[in-house]
Amino acid sequence: MISTETPDGASEEGYDRLRRAQWLAGRARADGVARRDMLRLVAAAGVTAGAAGAASALGAPRATAATGAQASAAAAAGIVKPLPADRFTIRGTNAETKFEAFAGTPFLTPASHFFVRNHTATPRLDAKTWSLRIWGDGLKGGGAREFTLADLERLPSVTRTAFVECAGNGRSFFTTQQGRPASGTAWTLGAIGNARWRGVRLSEVLRRAGVSRHAVDVQPRGLDAEYVTDDGTNLGRVRRPLPISKALDDVILAYEMNGAPLPADHGYPVRVLVPAWVGIASIKWVGDIEVSAQPLFSPWNTQFYRLFGDTYPPEGSDPLTRQTLKSAFELPWNAAVEAATTHHLTGRSWSATGAITRVDISTDAGTTWRRARLKDTPHRATWTRWSIPWRPDSPGPTALLARATDTTGRTQPETTVHNTQGYLFDAVVRHAVTVV
């Protein structure tokens with residue numbers, strides 16, 4: 001069970017239940033997508049118990065339609081930074097960091113190693129002409145307000161250290177470990193990066209724009225290209241609403257990453273950062289933010305980024321908010337490890353709900369466990385590096401397991417409940433190695 005309590009005690013879970021009921025009853029807006037399309041798409045996502053899953057019903061984005069060498073070329077063209085093969089695995093329009101590439105890197109992920117999750121392609125924007133438009137009936141007087149990058153930089157700045165992680169990170173293990181397929185990009189564990197973000201509080205910008213007491217939702221929208229599925233449905237630009245309570249809490253409009261301007265692939269010139277929440281909430285290349293006095297919905301909190309499957313209602317779970325708890329080894333998959341030699345196994349664990357308190361390691365496929373040494377002072381919404389020595393004696397195949405526990409008392413389970421779109425995998429991963 002994933003905690004959905006906001007820091008101020010308000011119930012995100014209850015709020016989202018209300019939003020879902022309002023949307024299904026037709027009492028909320030989903031601007032830019034015809035209601036008939038939304039109903040059709042949600043219906044398709046709600047009947048994805050079969051192997052094909054929701055993505056097959058909805059159709060893949062046009063940007064990922066190519067296969068083989070064409071797909072790799074298209075992905076390279078859509079991502080600006082270099083993607084060396086020893087560091088990244090190309091997955092359609094995305095680039096997953098190979099977790100072994102984090103070995104030797106610091107606590108903060110360099111931009112050169114940070115994964116890329118694009119729905120279409122990285123836009124090339126000019127900070128000099130960029131502006132952010134704040135608009136909607138949740139503002140006093142209903143008038144819009146614009147901010148340039150210089151305007152934002154003149155406001156009081158804040159710095160937050162937090163990971164950004166795709167909701168589907170670990171998705172492939174639903175199939176490889178639990179024997180049930182899940183639709184979507186087959187991430188292993190590298191769809192995550194941890195950085196120090198600097199920017200301005202979203203609450204400060206909303207206050208200056210004149211947010212009213214009637215506002216209930218805030219919806220940032222990106223400036224990347226419109227997202228079109230194979231069946232021709234144009235879902236518009238990527239956007240996802242936040243409850244006003246979250247928007248006024250710890251969300252920032254970030255313009256720096258690790259002390260430098262945001263790289264193009266990571267949201268230049270300004271992105272939203274929603275600490276601890278699934279990555280889709282942290283909209284890149286933000287261009288406008290709607291402030292609404294009524295609930296807002298988009299494809300990214302209706303047919304995407306909800307849990308569908310046998311154990312969930314037909315309309316799916318509430319929209320996903322917080323990420324979950326995971327661990328990974330900084331070691332290649334199926335690595336060959338020399339016997340009768342002491343190896344120092346390293347890795348990282350992270351949690352969205354609490355700080356990591358301990359990490360237990362098994363080098364014999366779960367028969368025995370030892371406690372790893374934590375390298376960093378643990379904090380919520382960042383990762384903690386750890387290490388442990390291992391001297392294998394007997395040659396042959398085995399599995400390495402890392403199991404984290406956080407300050408809420410949650411420990412990674414042996415298995416996790418399946419959902420057809422493969423979100424929030426948090427079970428202990430069996431990392432295959434061979435002792436030689």
Seminar exercise, completed: Residues passing the salt bridge (charged side-chain N to carboxylate O under 4.0 Å, His left out) test with Arg430, sequence neighbours excluded, are none
Exercise. Are Phe329 and Phe99 close enough that their ring centers fall under 6.0 Å?
Worked result: no
For this session: Supply the atom-to-atom distance Thr175 OG1 to Phe425 CZ, rounded to the nearest 0.5 angstrom.
Result: 10.0 Å
Problem set entry | pair Val200-Glu153: side-chain heavy atoms closer than 4.5 Å | no
Exercise. Taking only residues two or more places apart in sequence or in another chain, which ones pass side-chain contact (heavy atoms from CB on, under 4.5 Å) with Thr159?
Worked result: Arg196, Arg198
Exercise. Does the side chain of Asn234 pick up a donor-acceptor pair with the side chain of Glu226 at under 3.5 Å?
Worked result: yes
Exercise. Does NZ or CZ of Arg348 come closer than 6.0 Å to the centre of the six-membered ring of Trp383, within 45° of the ring's axis?
Worked result: yes
Exercise. Counting distance only, does the side-chain N/O of Tyr312 pair as donor-acceptor with the main-chain N or O of Asn419 below 3.5 Å?
Worked result: no
Problem set entry | Main-chain N/O of Ala427 paired with Thr416 side-chain donor or acceptor, under 3.5 Å | no
For this session: May I ask you to check whether Ser183 and Gln421 show a side-chain donor-acceptor distance below 3.5 Å?
Result: no
Exercise. So, Thr122 and Asp265: side-chain donor and acceptor under 3.5 Å apart, yes or no?
Worked result: yes
Exercise. Within the distance-only criterion (no hydrogens, no angle test), does the side chain of Asp217 pair as donor or acceptor with the backbone N or O of Pro241 below 3.5 angstrom?
Worked result: no
Problem set entry | Test: Arg385 and Asp376 ion pair at under 4.0 Å | yes
For this session: May I ask you to decide if the ring planes of Phe304 and Trp300 are parallel, tilted or perpendicular, using 30° and 60° as cut-offs?
Result: tilted
Exercise. If only atom types and distance count, is the side chain of Trp197 paired as donor or acceptor with the main-chain N or O of Ala162 below 3.5 Å?
Worked result: yes
Exercise. Would you say the side chains of Thr353 and Asp406 form a donor-acceptor pair under 3.5 Å?
Worked result: yes
Exercise. Out of curiosity, Leu400 CG to Ile361 CD1, how far, rounded to the nearest 0.5 Å?
Worked result: 8.5 Å
For this session: Start with the C-alpha distance between Arg271 and Leu262, add both sets of side-chain angles, then the distance that settles side chain to side chain contact (heavy atoms under 4.5 Å, CB included), and finish with yes or no.
Result: CA-CA 8 Å; Arg271 72 174 297 164; Leu262 290 174; 3.8 Å; yes
Exercise. Do the non-hydrogen side-chain atoms of Leu202 and Leu248 ever get within less than 4.5 Å of each other?
Worked result: no
Exercise. Any salt bridge between Arg239 and Glu290, counting N to O under 4.0 Å?
Worked result: no
Problem set entry | Aromatic centroids of Phe102 and His113 separated by under 6.0 Å | no
Exercise. Just by modelled atom types, is the Lys246 backbone N or O under 3.5 Å from a matching donor or acceptor in the Asp249 side chain?
Worked result: no
Exercise. Between Lys98 (side chain) and Ala85 (backbone), is there a donor-acceptor pair under 3.5 Å?
Worked result: yes
For this session: Test side-chain hydrogen bond (donor to acceptor under 3.5 Å, both in side chains) on Trp386 and Ser349 and set out the steps.
Result: CA-CA 8 Å; Trp386 45 260; Ser349 298; 2.9 Å; yes
For this session: Output the distance between atom CG (Leu331) and atom OG1 (Thr346), rounded to the nearest 0.5 Å.
Result: 8.0 Å
Exercise. Below 4.5 Å, heavy atoms only, C-beta onward: do Lys128 and Leu149 meet side chain to side chain?
Worked result: no
For this session: Using a 4.5 Å cut-off on heavy atoms from C-beta on, say whether the side chain of Ile79 contacts that of Lys81.
Result: yes
Problem set entry | Tyr268 OH to Trp130 CH2 distance, which is reported to the nearest 0.5 Å | 10.5 Å
Exercise. Do side-chain atoms of His431 reach the backbone of Pro332 as a donor and acceptor pair under 3.5 angstrom?
Worked result: yes
Exercise. Does Arg240 make a cation-pi contact with Trp277 (under 6.0 Å, within 45 degrees of the axis)?
Worked result: no
For this session: Please round to the nearest 0.5 Å and tell me the distance separating atom OG of Ser292 and atom CD1 of Ile244.
Result: 10.0 Å
For this session: Using a 4.5 Å cut-off on heavy atoms from C-beta on, say whether the side chain of Asn194 contacts that of Glu165.
Result: no
For this session: Taking only Lys NZ, Arg NE, NH1 and NH2, and the carboxylate oxygens of Asp or Glu, determine whether Glu96 and Arg91 approach each other closer than 4.0 Å.
Result: yes
Exercise. Judged by atom type as modelled, is there a donor-acceptor pair below 3.5 Å linking the side chain of Arg380 to the main-chain atoms of Ala352?
Worked result: yes
Problem set entry | Main-chain N/O of Thr233 paired to Asp231 side chain as donor or acceptor, under 3.5 Å | yes
For this session: Using the six-membered ring wherever Trp is involved, compare the ring planes of Phe173 and Trp333 and label them parallel, tilted or perpendicular (cut-offs 30° and 60°).
Result: tilted
Exercise. Is Trp187 close to Ser172 at the side-chain level, that is, under 4.5 Å between some pair of heavy atoms?
Worked result: no
For this session: Can you sort out the partners of Thr97 under side chain to side chain donor-acceptor pair (under 3.5 Å), two or more places apart, ordered by chain and number?
Result: none
Exercise. Does a side-chain heavy-atom distance below 4.5 Å link Val270 with Leu152?
Worked result: yes
Exercise. Is the side chain of Thr302 donor-acceptor paired with the backbone N or O of Ser298 at a distance under 3.5 Å, no angle test?
Worked result: yes
Problem set entry | Minimum heavy-atom distance Ala95-Phe88, with the two atoms named | CB-CD2, 3.9 Å
Problem set entry | Distance, nearest 0.5 Å, that separates CG of Leu374 from CD1 of Ile356 | 8.5 Å
Exercise. Hey, does the Lys NZ or Arg CZ of Arg145 hover above the aromatic six-ring of Phe147, less than 6.0 Å from the centre and inside 45° of the axis?
Worked result: yes
